[in-house]
Amino acid sequence: EAIQETHLLLTSTEELDDCGLIKGNFDNPNRLNLLDGNILSEAPNNKLYLFNGVIYQNSFPHPINSKQLLLRGSQLKQTKWIVGCTVFTGSDTKVVMNSSKAPTKRSNIEKRTNKFIFVILAILFFLCA
């Protein structure tokens, strides 16, 4: 299932050198109540590959960057479970902010035809008035 928010990956069942921030033997997700900390992150923006922040665990700062983020729409495979903290939700996610409306593709002939139709309608309007 696709991830619906932007998450900060804290730990998982797999050994992930780039992503795992909190090391420990969390063989049971119920033991995760031991985790306590604060996260300071940048404001929401559209830069997918840049992220700066700090997570404070037991008053010790751990720098975090884009390698620890799970972006909206990404899927996890070959992992039983992960523990993450939601950083951005809804329209504040990096993927949504980076997306743009697709431009309309109209040929030159279609543009000219539309102009001619407006001219003809204007002429007909003045003739009928």
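Just so it is clear, the structure is predicted and the values come from calculations on it, not from any experiment.
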Side-chain contact test, heavy atoms from C-beta onward, threshold under 4.5 Å: evaluate it for [X] versus [Y] and give yes or no.
X    : Y    : value
F51  : N65  : no
N98  : V95  : no
I39  : L8   : yes
R106 : N114 : yes
L40  : Y56  : yes
R72  : V96  : yes

Separation between [atom1] of [X] and [atom2] of [Y], rounded to the nearest 0.5 Å:
X   : Y   : atom1 : atom2 : answer
I64 : I55 : CD1   : CD1   : 6.0 Å
L48 : T93 : CG    : OG1   : 9.5 Å
E5  : T89 : CD    : OG1   : 6.5 Å
F88 : E42 : CZ    : CD    : 5.5 Å
L70 : C85 : CG    : SG    : 11.5 Å

Answer yes or no: is there a donor N or O on one side and an acceptor on the other, between the side chain of S66 and the main chain of L50, under 3.5 Å?
-> no
Query raised in the report: Do F125 and F116 belong to the same hydrophobic cluster, where Ile, Leu, Val, Met, Phe, Trp and Tyr are linked whenever their side-chain heavy atoms lie under 4.5 Å apart, directly or via other members?
Result: no
Margin query: Could you see if L71 belongs to whatever hydrophobic cluster contains Y49? Use Ile, Leu, Val, Met, Phe, Trp, Tyr and a side-chain cutoff under 4.5 Å.
Written below: yes
Donor-acceptor side-chain pairing of N45 and K94 below 3.5 angstrom
yes
Apply the test side-chain contact (heavy atoms from CB on, under 4.5 Å) to residues T86 and T6: give CA-CA distance (whole Å), side-chain angles for both, the deciding distance (0.1 Å), then the verdict. CA-CA 6 Å; T86 302; T6 300; over 6 Å; no
- Taking everything shown except L121 itself, do over 12 heavy atoms lie less than 6.0 Å from its CG? yes
S91 and M97 have their tightest heavy-atom pair at O-CG, 3.3 Å
